[in-house]
Amino acid sequence: MESTALLQKLTAGMAFRGNPATLLSSSSASSHFARVQASAWPIMQGSRLRRLNVEATDLNANAFGTMPHSSTGLKIITKAVAVKTERGSTATAQQGHELLLFEALREGLDEEMERDPTVCVIGEDVGHYGGSYKVTKGMAEKYGDLRLLDTPIAENSFTGMAIGAAMSGLRPIVEGMNMGFLLLAFNQIANNCGMLHYTSGGQFTIPIVIRGPGGVGRQLGAEHSQRLESYFQSVPGLQMVACSTPYNAKGLMKAAIRSENPVILFEHVLLYNLKERIPDEEYVLCLEEAELVRPGEDITILTYSRMRHHVLQAVKTLVSKGYDPEVIDIRSLKPFDLFTIGNSVKKTHKVLIVEECMRTGGIGASLRAAIMENFFDELDAPIGCLSSQDVPTPYAGPLEDLTVVQPPQIVFAVEQLCKH
Amino acid sequence: MASQLLRRAGKLINVSASATKNLASSLAPISQANRSFASAAEDTNPITIEIAVPYKAHKCEPPSLLATTTPQELVQFFKTMFLMRRMEIAADSLYKSKFIRGFCHLYDGQEAVCVGMEAALTKTDCIVTAYRDHCIHLGRGGTVKEIMSELMGRKDGCSLGKGGSMHMYKKENNFYGGNGIVGAQTPLGAGLAFAQKYSKVEGVTLAMYGDGAANQGQLFEAMNIAALWDLPVIFVCENNHYGMGTAEWRSAKSPEYYRRGDYVPGLKVDGMDALAVKQAVKYAKEYALTKGAFVLEMDTYRYHGHSMSDPGSTYRTRDEISGVRQERDPIERIRKLLLAKEIVTVADLKNMEKEAKKEVDDAVAQAKPDPSELLSHIYVKGLGTEVFGPDRKEFTAVLP
């Protein structure tokens with residue numbers, strides 16, 4: 001029977017143990033979608049099938065409300081909607097918890113700070129204020145003022161201080177309130193952070209994480225819309241990663257903290273409120289790995305950070321026009337994951353890079369060179385690169401939008417490249 | 001922690017305990033009664049006011065506590081400060097209605113610093129400041145309309161809409177901004193003074209910064225350079241006691257910013273008293289023109305948070321804010337002075353306030369984009385399926 005099959009499909013997806021009756025009485029908010037009325041089990045085959053109420057609801061204990069009782073003592077679920085389980089859904093897809101990107105960063109940070117007492121955060125207004133983007137909110141109460149250190153406004157000095165602390169055994173995380181402020185600490189990052197491991201012959205490691213929001217925001221003005229990945233990429237000794245979703249934000253944060261190399265984690269000021277469901281169990285991502293966002297055949301689109309979302313928006317249009325782009329979020333800005341990228345290029349033979357960096361000397365420029373050098377024979381077309389205009393970001397909204405790559409431009413570029 | 005906060009808050013408000021006593025003595029009315037408004041605005045007879053809070057000096061002699069001013073000047077102080085206050089409050093509501101976006105740092109509470117400074121300077125003197133620059137721009141000859149236009153990203157803004165709140169400049173009046181990075185304007189100030197000395201211009205530079213920026217290394221470098229070469233620069237620290245969310249005692253070992261120049265002499269001034277500021281800047285200008293670098297610390301306060309995205313109440317109590325507003329507000333001080341000296345009547349003041357409000361409202365109305373233009377801007381964006389209303393409210397959970 002159709003309902004039976006439905007029921008079986010639903011229960012197959014549920015990792016419940018024992019009697020369905022116990023399932024009904026349990027109220028764990030983090031688990032599954034469908035609940036089955038216990039009394040329905042034995043009467044499934046008969047005419048009483050109509051009393052089978054299968055409820056599938058986004059399980060939120062608050063929204064659920066109380067269940068009225070029928071006269072026979074059975075609990076009748078009032079808002080009954082039979083819902084097909086999603087294609088490919090398993091218990092793990094429904095499990096996990098939903099949160100915003102800045103909360104994911106905080107979770108990763110919290111787990112690492114709990115695990116390792118040498119991990120500390122150094123930055124402006126990270127402690128009592130909770131961080132200007134709330135990434136460290138509530139942590140100063142938990143870990144104390146020394147591990148969530150509120151610094152004076154002296155980026156050069158406190159970055160240098162963090163590097164010194166890292167040299168002698170601590171694992172500090174430097175937060176730049178805005179990435180642009182770290183320009184004041186450029187000397188410390190380039191000379192000390194990047195080079196000390198080399199110049200000391202391997203004696204010192206600098207397991208530091210430098211993180212902060214960068215990128216073009218919502219009319220923040222020229223000096224607060226910097227993309228520093230292009231400036232830092234030629235410093236040897238540094239590793240750079242860019243997060244773009246809550247899932248990879250938490251994973252990359254944890255990986256960066258555990259790494260022995262100095263890592264710069266680029267967050268984006270507009271992505272902090274992205275919501276996603278991430279796994280409950282602990283996970284750490286690989287710092288050097290790129291993420292395959294969407295497999296495809298026609299063209300490889302390489303992107304990172306906020307532009308990933310612009311690309312995905314453009315992909316909706318492209319798919320409706322009949323294209324099949326492969327989207328890779330490169331995540332690792334230094335070094336590039338040429339293995340993943342190369343495999344993709346070998347499949348599609350066309351590349352488009354979409355980035356938020358300036359055109360001159362940006363990540364796209366280096367990536368283009370690397371791909372050309374390594375996979376020239378695989379390419380059917382010149383590598384396309386969409387980057388921001390070489391202009392200080394203006395304050396006025398429409399002007400600002402013109403400096404950044406927008407989805408229609410991505411669609412147009414793909415169409416042009418696919419003509420080859 | 002809370003008790004520490006309260007203690008510090010008490011310090012800020014109690015500054016004026018002695019001030020009110022002295023203010024009372026200086027409020028003796030002038031013999032001629034019933035001056036009319038028209039005559040007050042032109043009256044240039046000098047009057048002497050005693051400054052309430054004494055200066056604190058570092059390696060120099062403090063200036064006299066008797067300030068000479070004129071009724072015209074006092075009326076001008078009131079008008080300008082009130083205009084600045086209305087402008088900042090208008091900016092606040094515009095920000096909340098999303099006409100102004102990004103970062104917006106408001107100056108209300110600190111008006112006396114700007115107004116007092118301008119009274120002692122000419123337009124040959126240069127000013128450079130940080131991002132809390134709307135009122136400084138106004139003081140340097142800007143109009144409310146061009147400030148509002150700039151804040152709303154219009155092309156008739158002072159930077160053609162390309163700079164925004166933090167990047168306002170006025171080259172012809174020697175106002176050099178308007179800088180976003182904390183502390184980065186202080187070496188610029190030293191440079192302006194260097195150019196003045198080089199070209200033998202009879203002027204000084206005021207390099208303004210806040211108590212947060214006072215911990216920047218580049219400030220100390222700039223002070224050393226300025227002192228070394230006797231540059232005519234006055235470093236003005238607008239100490240509003242909070243560097244965004246961090247109070248001064250949590251970020252500075254020595255919150256005596258006027259002493260931080262070490263070999264550079266300095267003065268601490270009550271920054272809520274426009275006359276005290278004027279007196280101090282006059283004194284400092286004389287010093288800078290003849291001898292070299294000088295430091296002024298303005299003890300002031302901001303009512304708003306650091307910027308519009310900061311509520312301003314997580315790191316200080318509301319009682320502290322309202323306490324300072326009641327006891328030390330710069331506009332109220334001038335109002336009391338004007339009334340006590342019978343320079344103007346209450347009705348005259350009300351008229352002035354109405355005029356200021358009207359000026360700001362007119363400027364806002366002219367600067368606001370009109371609905372048809374708004375819609376055309378939205379279509380230029382062309383970002384797909386999101387729907388924007390004419391009030392430009394956007395979804396925040398989905399990436400626009």
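Reminder, nothing fancy here: chain letters follow the sequence lines and each chain counts from 1.
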Do the side chains of [X] and [Y] get close enough for a salt bridge, i.e. N-O under 4.0 angstrom?
X      : Y      : result
A:R308 : A:E291 : yes
B:E88  : B:R302 : no
A:E356 : A:R227 : no

Next item on the list: Tell me, out of A:L184, A:T151, A:L399, who's got the most heavy-atom pairs with chain B below 4.5 Å.
Entry: A:L184
Check: Can you tell me if A:R106 uses its side chain to pair, donor with acceptor, with the backbone of A:K134 under 3.5 Å?
Finding: yes
Item checked: Heavy-atom proximity to chain A below 4.5 Å, by part of B:M166 -> side chain
Chain B contact via [X] - side chain, backbone, both or neither, heavy atoms under 4.5 Å:
X      : answer
A:F158 : neither
A:Y129 : side chain
A:E124 : neither

Item checked: Test side-chain hydrogen bond (donor to acceptor under 3.5 Å, both in side chains) applied to A:S244 and A:H309, step by step -> CA-CA 8 Å; A:S244 49; A:H309 302 278; 5.1 Å; no
